[in-house]
Amino acid sequence: MFKNLAVWLVIGLVLMTVFNQFNTRQVTQASMEYSQFMEEVGRGSITKVVIEGRVLKATTSDGRKLTTYAPPDLWMVSDLLKHGVKVEAKPEEEQSFLMNIFISWFPMLLLIGVWVFFMRQMQGGGKGGAFSFGKSKARLLDESTNNITFADVAGCDEAKEEVAELVDFLRDPSKFQKLGGRIPKGVLLVGNPGTGKTLLAKAIAGEAKVPFFSISGSDFVEMFVGVGAARVRDMFENAKKHSPCIIFIDELDAIGKARGNVMVGGHDEREQTLNQLLVEMDGFDPSVGVVILAATNRPETLDPALLRAGRFDRQVLVDRPDVNGREAILKIHAQKVKMAADVNLAVIARKTPGFSGADLANVVNEAALLAGRKSKSEVEMEDLDEAVDRIIAGLEKKNRVINPKEKEIVAYHETGHALVAAFTPGADAVHKISIIPRGIGALGYTQQLPTEDRYLMTRRELLGKIDVLLGGRMSEDVVFGEISTGAHNDLQRATEIARAMTLEYGMGKTLGLSTYPRQNRPMFLSSEQAPFIGKEYSEATAAKLDEEVKELITERAVAVKELLSQKRALLDRIASELLHQEVMESERFNEIIGGTAEPGIAPKAGR
Ligand code: ADP
Ligand code: ZN
C-alpha cells in the first residue's frame, strides 16, 4: 500500500512538472520586454491588460495575446489607463504556490516512503506492523493441521526408535516424570540435507498431537544487534504458553557456530542470539513439556556450549537410507500418485545409491510429471527410470553422485579394512560396514567396536591398528592394481600412529627409550589434528625418524597386502555382497568369514 502511494507520488510529480513546463513555455513564448510592451501601449495597440501579481497579460487590438513581466512601476496602472487600456487585476496564480510547497516537501516524503518500505522489507512483510522486530518468526503448525506421523518417515529406523521416547513424554509430561524418566530438553538431529530431519520432527509432533513451532536458525540473524536475542526470548515465551509442544530450529549452525572464531562484523549479533538461546534453554523447567529439536548437517562447527548437559545433549543421526530404506521411502511417496502394476520400486531403490529421502520424493514427483506430459493415466517404470536419470544429472552437477566404478572401489576398500580387522589378533571387532556415502569426502565406513575398555596398548596392537587402516588401500591395490585418493585420511592416521610409536612410546629403533612427548594432544590415537612437534632433536635425528616411520608403514603395507591376497576369495565375496546390500552388519560378516567377532557397544567410525 505504501509502495503504491510512493508510485502515485512520483507519477503526480512528473505530471505536474510537465504541465508546469508547458505553462511557463506558453508564457515565455508570447512574452516581450516591459519597455517594448509600454511602447505598444503608447502606440495604442493594447486594448486590455490582466494583472496577476507581476505578470501582465495583454490583448492587442488585432486580437494577439502578449505577456510581460512588470518591474515595480508605481505609474504603470495610470499610464495604462491614460492610453485607454482596460485594466483587470487577479490574485497571483494559486497553483504554482501549491506546486512550490509540493516540490519542497517531495524529497522529505520520498525519504519517509523509502524508510517505511525498508522497515517492511526487513520484517519480510509480516502483518505485525512496523515495530514488531523482536517478535519471533516461528511458524506454528497446529496439532489439528499436522497429520504427519512416523508412518510417513522411512529409512531411518534407528533415529525413529531414539525419538520415540519423546512422543511418550510429550503426550503426558507429568506422568513421564512420575515414572522417573529423564526428561530430554534438547535433541540434535544430525544428517545431510534432505534426509528427513524436519519430517521426523514434525512426525514427533504429529504422533504426540502437540503444536509444532518451526524456525530456521538464519531467521534469527538480523542486521540489528539484539533483534535475534529478542526473537529467541519471544519464541520461548510463546512456546511455554502452548506447552506441551515442540520447538524445531532448522540450520542450528547459522546461530550456533563456535564463538570467537569470526573476526568480521555481525559476529556480536550472532553471539548475543546464541547466548540468549543458551540462557533460555537453561532457564526453563523441562516439566513444562517443551522439547527443543534442532537440525544441522555440520555438528562439528557448533559451539561446544550448545552440546553440554541440559542443552542439546542428545544427538540423533538421521542418515541417508540404504537400499531397503530407499524402497520404503519410495513406497511412501508412491502412494500419492497412481503407479502402474508392473512398477518395481526395489529396482529403483537399487539404482539410487546415495539418494536422500528428498531426492527420492523428487524421483516420484518427476516421474508423475513425465507421465502426465505423455498423457498417461499411470506412472510406468520408464518414467521412473527417466526421472532417476534426470535427478542423477542434477546431482552430478553438485558432485553428489558416485558412479558404479567408484562404488565398487569403495566396496573393496571397506571390505579390506574389515577383513584385516577380522584377521588381526587383538584388533577391534567389525560392527558394521557401509558404502552409503555420508558427508563430504567419506564414501563409506567400517565400524569397529572395542571388545573391552583399553587403557594400555601393546606394540602389537598398535601395529594392528596401522594394519587395519592400511587395509582399505591395500585392498584397492590387490584388486585393481591401482589406488585411489579415497584412502587419504587412513594414511594420515596410520602415519600418525607410526610417528607416535617411534617418538612418544619408545617403540622405535632410533630413539630407543628416550621420548619426545608432543604438546597439545588429547589421548593417543584419538587426535585427528596435525600434531605439533617441537624442535627438540637435531635435523639428523629428524631425518632418521622420518625414515623409520616410512619403513614401518611400508613393512606393514607389504604384510597387509599379502594377507589380503591370501583372502582374495573372501574379499570378492564380501565386496560383491556389500555392493548389493550397501550395508553389512557384524552377524552377516562373521557368517561369511566363519569366525567369531563379539559385538560391543561404543562405535568408532572411520574410513
Ligand atoms: P531435512 O530437514 O533433513 O533437510 P526434510 O525433512 O525437509 O529434510 O525432507 C524434505 C522432504 O523429503 C520431506 O518433506 C519428504 O517428502 C522427503 N523425505 C525426506 N526424508 C524422508 C524419509 N526418511 N522418509 C520419507 N520422506 C522423506
Ligand atoms: Zn578407509
Side-chain angles (χ1 to χ4, degrees), residues 410-435 442 444-479 486-487 489-502 504-505 507 523-528 549 552-575 577-578 583-607:
V410 175
Y412 272 102
H413 178 105
E414 297 305 335
T415 308
H417 283 309
L419 271 185
V420 174
F423 289 102
T424 302
D428 295 334
V430 173
H431 174 58
K432 185 176 180 181
I433 323 171
S434 162
I435 54 167
Y445 61 93
T446 301
Q447 260 182 357
Q448 285 174 272
L449 296 180
T451 37
E452 56 197 295
D453 281 346
R454 299 307 306 265
Y455 300 102
L456 287 173
M457 284 195 142
T458 62
R459 184 183 145 85
R460 182 61 244 165
E461 283 163 337
L462 288 170
L463 290 180
K465 280 207 175 276
I466 297 179
D467 287 0
V468 173
L469 285 168
L470 291 175
R473 188 186 189 118
M474 294 334 287
S475 168
E476 287 179 41
D477 196 0
V478 167
V479 178
N489 186 252
D490 295 340
L491 295 185
Q492 200 177 319
R493 286 168 58 194
T495 312
E496 216 177 291
I497 296 175
R499 281 202 85 87
M501 286 174 71
T502 36
E504 286 171 48
Y505 309 142
M507 294 174 182
M523 283 294 288
F524 66 77
L525 309 185
S526 64
S527 154
E528 300 236 304
V549 169
L552 181 59
I553 297 278
T554 318
E555 185 193 305
R556 295 324 305 163
V558 170
V560 168
K561 189 170 174 181
E562 201 183 308
L563 172 70
L564 287 172
S565 307
Q566 275 173 22
K567 308 284 176 193
R568 181 63 201 262
L570 276 177
L571 190 61
D572 287 338
R573 202 164 147 213
I574 296 170
E577 188 162 328
L578 195 56
V583 185
M584 190 182 285
E585 303 285 344
S586 55
E587 292 81 20
R588 178 68 189 140
F589 179 73
N590 290 331
E591 206 181 301
I592 297 179
I593 63 169
T596 46
E598 300 147 48
I601 327 128
K604 184 173 175 297
R607 181 181 139 72

Exercise for the section: For a side-chain contact (heavy atoms from CB on, under 4.5 Å) with Phe423, tell me which candidate from Leu570, Val560, Leu564 qualifies. Expected result: Leu570
Problem - With Glu585 via side-chain contact (heavy atoms from CB on, under 4.5 Å) - residues at least two apart - result: Lys432, Val583, Glu587
Problem - Residues that Ala422 engages under side-chain contact (heavy atoms from CB on, under 4.5 Å), provided they are two or more places apart - result: Phe589, Ile593
Practice task
Look at Arg568 together with Asp572 and state whether they make a salt bridge at an N to O cut-off of under 4.0 Å.
Solution key: yes
Practice task
With side chain to side chain contact (heavy atoms under 4.5 Å, CB included) as the test, would you mind laying out the steps for Leu552 and Leu463 before giving the verdict?
Solution key: CA-CA 9 Å; Leu552 181 59; Leu463 290 180; 3.8 Å; yes
Exercise for the section: Please tell me if the side chains of Val410 and Leu578 come closer than 4.5 Å, counting only heavy atoms from C-beta onward. Expected result: no
Exercise for the section: Step by step, work out the salt bridge (Lys or Arg N to Asp or Glu O under 4.0 Å) result for Glu591 and Arg588. Expected result: CA-CA 5 Å; Glu591 206 181 301; Arg588 178 68 189 140; 2.8 Å; yes
Fill in the blank from the handout: Closest non-hydrogen contact found for His417 with Val468 is ND1-O, 2.7 Å
Exercise for the section: Considering non-hydrogen atoms only, spot the tightest contact between Gly464 and Thr424 and give its length. Expected result: CA-CG2, 3.7 Å
Fill in the blank from the handout: To the nearest 0.5 Å, atom CE of Met584 lies from atom OG1 of Thr415 at 7.0 Å
Handout entry: Any Asp467 side-chain heavy atom under 4.5 Å of Met474 side chain
Key = no
Problem - Arg473 side chain reached by Leu470 side chain, heavy atoms, under 4.5 Å - result: no
Exercise for the section: Taking the side chain as every heavy atom from C-beta outward, state whether Leu571 and Ser475 have any pair of such atoms under 4.5 Å apart. Expected result: yes
Problem - Any residue meeting salt bridge (charged side-chain N to carboxylate O under 4.0 Å, His left out) with Arg573, in chain and number order, not counting sequence neighbours - result: none
Practice task
May I have the step-by-step check of side chain to side chain contact (heavy atoms under 4.5 Å, CB included) for Ile435 and His413, ending in yes or no?
Solution key: CA-CA 9 Å; Ile435 54 167; His413 178 105; over 6 Å; no
Completion exercise
Nearest heavy-atom contact between Ile553 and Ala498 is CD1-CB, 3.9 Å
Completion exercise
For Thr495 and Val549 the tightest heavy-atom approach is CG2-CG1, 4.0 Å
Handout entry: Ala559: side-chain contact (heavy atoms from CB on, under 4.5 Å) partners, not counting sequence neighbours
Key = Arg556
Fill in the blank from the handout: The reported gap from CG in Asp477 to NZ in Lys561 (rounded to nearest 0.5 angstrom) is 4.0 Å
Handout entry: Gln566, CD atom: more than 12 neighbouring heavy atoms under 6.0 Å
Key = yes
Exercise for the section: Specify the closest pair of heavy atoms between Ala418 and Ile433, including all atoms of both residues, with the distance to one decimal. Expected result: CB-CD1, 3.6 Å
Completion exercise
Heavy-atom closest pair (Ala427 atom, Ala421 atom, distance to 0.1 Å) is CB-O, 3.6 Å
Handout entry: Note, Ile497 side chain near Leu469 side chain (heavy atom, < 4.5 Å)
Key = yes
Practice task
Report the residues that fulfil salt bridge (charged side-chain N to carboxylate O under 4.0 Å, His left out) with Lys567, sequence neighbours left out, ordered by chain and then residue number.
Solution key: none
